[in-house]
Amino acid sequence: MINITLPDGSVRSYDKGTTSHEIALSISEGLARNVIAAKVNGEVIDSNRPITQDADLQLLTFRDKDGKSTFWHSSAHLMAEALEALYPGVKLGIGPSIENGFYYDIDLGDRTLSSTDFPKIEQKMLELAREKNEYIRKEVSKADAIAYFKEKGDEYKLELLEDLEDGSITFYEQGGFVDLCRGPHIPNTGSIKAVKMMKVAGAYWRGDENKKQLTRVYGVSFPKAKELKEHLALLEEAKKRDHRKLGKELELFMFSEKVGAGLPIWLPKGTALRTRLENFLKEEQIKRGYQPVITPHLGKKELYMTSGHWDKYGEDSFQPIHTPREGELFLLKPMNCPHHCEIFGHKPRSYKDLPVRIAEFGTVYRYEQTGELHGLTRVRGFTQDDAHLFCMPEQLKEEFLGVLELTTYVLEKLGFSDYTAQISLRDPENKEKYIGSDEIWEQAESAIIEATKEVGLETVTELGEAAFYGPKLDFMVKDALGRSWQLGTIQVDYNLPERFELEYIGADNAPHRPVMIHRAPFGSMERFIGVLTEHCGGKFPLWLQPEQYVILPISEKFNGYARELKNQLAAKDIRGFVDERNEKIGRKIRDAEVKKVPLMLIVGEKEAAEGKVSIRKQGEGDVGSMTIDEFETYFKQLL
RNA sequence: CCCGUAUUGGUCCAAGGGUUAGGAUGCCGGGAUUGUAACCCGGAGAUUGUGGGUUCGAAUCCCAUAUAUGGAUCCA
């Protein structure tokens with residue numbers, strides 16, 4: 001008998017050699033139907049493989065991340081089977097699962113493939129899927145494997161085989177299709193109920209541009225037709241919410257060829273939004289003891305040699321600016337920290353003054369390759385909501401807690417309630433890579449871990465992902481469409497205080513080195529607003545909206561009344577404008593709806609006589625009429 | 001950095017190598033005077049990203065370049 005520990009902690013006994021599928025069956029039939037693979041002691045394997053010893057078992061369904069990727073990997077095999085059936089003689093490269101589906105690299109020979117061929121392939125896949133062919137795992141010797149693909153004439157698989165060791169080679173077969181594959185796979189093709197080919201692209205064999213270009217065919221598949229439909233609807237919605245599209249439509253920002261690629265230009269409405277966001281964070285930071293500073297956009301090359309950024313990023317950055325005087329070189333600042341270190345170091349610091357929290361919305365410039373640029377999320381000039389906290393090592397945890405509190409507060413305030421954090425620690429196998437003693441690393445790492453535990457933050461821990469200068473924590477935020485974005489970051493840094501020889505005088509009257517924390521809750525204003533735009537589909541929280549309401553007079557006769565109302569609202573600190581155009585009310589409503597103005601105040605004869613306004617909410621419709629004071633109350637309650 | 005695709009009035013889209021580059025929206029002017037998602041009529045607005053080339057003739061074909069966009073840099 002073996003003991004199987006399930007994720008809920010319960011332990012069950014089974015005969016040695018029981019499969020995950022049988023275990024699932026012993027729990028419930030429905031579960032067994034949905035299980036597509038199993039995680040045994042952390043390794044994902046086929047659900048029909050026998051378990052021979054005590055183990056932790058997690059049954060995987062399509063809902064699990066690992067289950068999904070197994071499902072999609074199996075779908076890639078199914079697609080390959082279909083392609084082979086439709087186009088005899090195609091040669092296969094590799095076919096893994098990816099974040100949103102799967103692909104297979106194929107060599108079509110002289111043929112080409114386009115999206116018009118997709119329906120045919122999809123149909124063939126579904127036809128093959130309905131045969132419910134089992135994915136059969138076979139261990140084969142290297143010699144047999146080579147013989148098989150030689151016979152088949154597939155040089156790509158032969159090349160892959162060269163790097164594999166005899167004894168560890170497995171084939172998977174479903175229907176008549178055999179592929180070299182490590183697995184695991186779903187039990188049979190029958191659970192693939194919906195497939196969609198997404199696109200084709202060229203891709204070099206093994207990512208090497210000197211090698212042959214293969215056709216990469218992308219697809220996605222689901223266990224239920226409904227799920228495919230939802231997936232496609234989501235993609236459609238994502239397109240509608242694309243911040244590049246909304247940014248243009250709502251006149252938030254623009255790019256100009258003359259100004260340069262990757263350099264966003266903030267238009268009045270975008271600036272109003274961004275300024276409000278900055279002020280919000282500024283105020284929260286001042287409440288928490290941060291001191292705002294302003295530093296120049298340039299710094300001498302020596303500054304970045306001291307900080308080490310020149311050695312690390314010099315080549316990848318904008319090249320230095322030469323002054324008329326010989327030998328003077330200035331760099332556009334790629335980071336704010338060196339300047340902030342100078343601020344810390346400009347006067348003697350006592351331990352009683354610590355922590356020192358220096359904050360700046362600092363604009364930095366980094367040279368990104370043109371191919372990397374993307375809307376507001378990947379740019380060459382951006383403003384970090386940066387701050388650097390200088391503290392004593394023993395204050396680290398408390399400071400970390402403070403930053404966590406601030407970050408989660410601002411995220412929640414902006415409607416991001418679904419987030420996790422990734423803790424990046426050093427690689428315990430490879431400690432030489434990192435600067436600083438074991439002692440301070442352990443202190444910092446435990447400070448981060450304890451702090452996240454204390455605030456109850458959901459975390460994943462990655463070993464070896466830390467920067468060489470200290471451990472860090474990144475916030476992964478999920479938007480309204482379920483997509484993950486990396487936004488804020490908190491990093492511990494032992495390196496810069498060292499390089500800048502920063503000191504404070506301790507209670508022992510001796511100099512000590514402070515620890516530095518870099519942190520940016522939004523990451524960058526550009527990226528954050530890009531993500532926020534997509535998160536709320538352009539319908540920003542009311543308090544951020546550049547224009548919170550528009551007054552729509554029924555006819556020109558009521559423009560005067562409308563203007564009067566606007567003045568009253570302005571006095572109450574409610575922003576908006578009057579649509580005085582000589583248009584029908586239906587037209588004005590439509591335009592306001594399209595521009596996503598949150599509140600429409602409709603005024604005509606009735607309202608003017610009663611001293612009221614009729615309220616209409618964007619996207620929802622008529623709310624009813626009320627006096628201006630009632631509206632103020634209504635408005636405040638929406639904030 | 002590599003591979004593909006695109007670039008046409010402010011914006012979105014159309015135009016088999018052959019008249020004066022067409023439409024929608026927006027803008028301007030006039031009419032209508034308005035009740036919860038598009039009023040009617042008229043007008044202006046473009047040397048088709050930029051620079052070369054092929055051609056009797058180029059938005060259209062070729063080359064270069066810029067920018068945008070998608071992919072590659074996810075190793076069974």
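The side chain of A:Ala261 lies closest to B:A68, out of B:C39, B:U34, B:A68. The side chain of A:Ile94 lies closest to B:C75 when the candidates are B:C74, B:U34, B:C75. Minimum atom distance to the side chain of A:Pro96 is reached by B:C74, of the listed B:C74, B:U34, B:A38. Each of B:U73, B:U34, B:A37 was ranked by its minimum atom distance to the side chain of A:Tyr103; first place goes to B:U73. When distances are taken from the side chain of A:Ile589 to each of B:U36, B:U33, B:A76, the shortest belongs to B:U36. Comparing B:U73, B:C74, B:C39 by their nearest atom to the side chain of A:Arg216 picks out B:U73. Distance from the side chain of A:Tyr218 is smallest to B:G71 among B:G71, B:G35, B:A76. Among the nucleotides B:U34, B:A76, B:C74, the one closest to the side chain of A:Ile98 is B:C74. Among the nucleotides B:A76, B:G35, B:C39, the one closest to any side-chain atom of A:Glu605 is B:G35.
In this structure, the CG atom of A:Leu250 is 16 Å from the C1' atom of B:G10, given to the nearest Å. One atom, CZ of A:Phe255, and another, P of B:G49, lie 21 Å apart when rounded to the nearest Å. Rounded to whole angstrom, the span from the CG atom of A:Leu373 across to the C1' atom of B:A66 amounts to 13 Å. The interatomic distance linking A:Glu583 (CD) with B:C41 (P) rounds to 14 Å, in whole Å. Atom pair A:Lys588:NZ and B:A38:P shows a separation of 14 Å (rounding to whole Å applied). Atoms CD (A:Glu257) and P (B:G10) sit 14 Å apart, rounded to a whole Å. The CG atom of A:Leu161 sits 18 Å away from the P atom of B:C75 (whole-angstrom rounding). Here B:A76 presents its P atom at 21 Å from NZ of A:Lys138, a figure rounded to the nearest Å.
Residue contacts for A:Gly586: at a heavy-atom cut-off of 4.0 Å it reaches the sugar-phosphate backbone alone, with no base atom in range. Across all strands shown, A:Lys248 has heavy atoms under 4.0 Å from sugar-phosphate atoms exclusively, and none from any base. Residue A:Leu180 is classed as a base contact, given a heavy-atom separation below 4.0 Å to a base.
Only A:Ser614, A:Arg616, listed by number, bring a heavy atom of residues 608-618 of chain A to less than 4.0 angstrom from any atom of RNA chain B.
A:His374 has a side-chain polar atom (N or O) that falls below the 4.0 Å cut-off from OP1 or OP2 of B:G70. For A:Arg244 and B:U69, the shortest distance from a side-chain N or O to OP1 or OP2 is below 4.0 Å. Contact annotation: A:Arg137 does not reach the phosphate of B:A76 (side-chain N/O to OP1 or OP2, under 4.0 Å). For A:Arg590 and B:A38, the shortest distance from a side-chain N or O to OP1 or OP2 is not below 4.0 Å. Phosphate proximity of B:C39 to A:Arg587: present, with a side-chain N or O under 4.0 Å from OP1 or OP2.
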* Asked: So what is the 5' to 3' dot-bracket string for RNA chain B, if pairs are Watson-Crick or G-U wobble with both distances under 3.5 Å, crossing pairs use [ ] and | means the partner sits on another strand?
  -> .((((((..((((....[...)))).(((((.......))))).....(((((..]....))))))))))).....
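In this structure, A:Arg380 forms no cation-pi arrangement with A:Tyr365, as its terminal cationic atom is not both closer than 6.0 Å to the ring centre and no more than 45° off the ring axis.
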Protein N or O to nucleotides 3-6 of chain B N or O, pairs below 3.5 Å:
residue : atom : partner  : partner atom : Å
B:C3    : O4'  : A:Tyr204 : OH           : 3.3
B:C3    : O2'  : A:Gln213 : NE2          : 3.4

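A donor-acceptor contact closer than 3.5 angstrom is absent between the side chains of A:Asp46 and A:Tyr135.
Proximity of A:Arg527 to A:Leu376: side-chain heavy atoms (C-beta onward) are nowhere separated by under 4.5 Å.
Below the 3.5 angstrom threshold, one finds a donor paired with an acceptor across the side chain of A:Glu607 and the base of B:G35.
Of the P atoms belonging to B:G51 and B:G9, the separation is 15 Å, rounded to the nearest Å.
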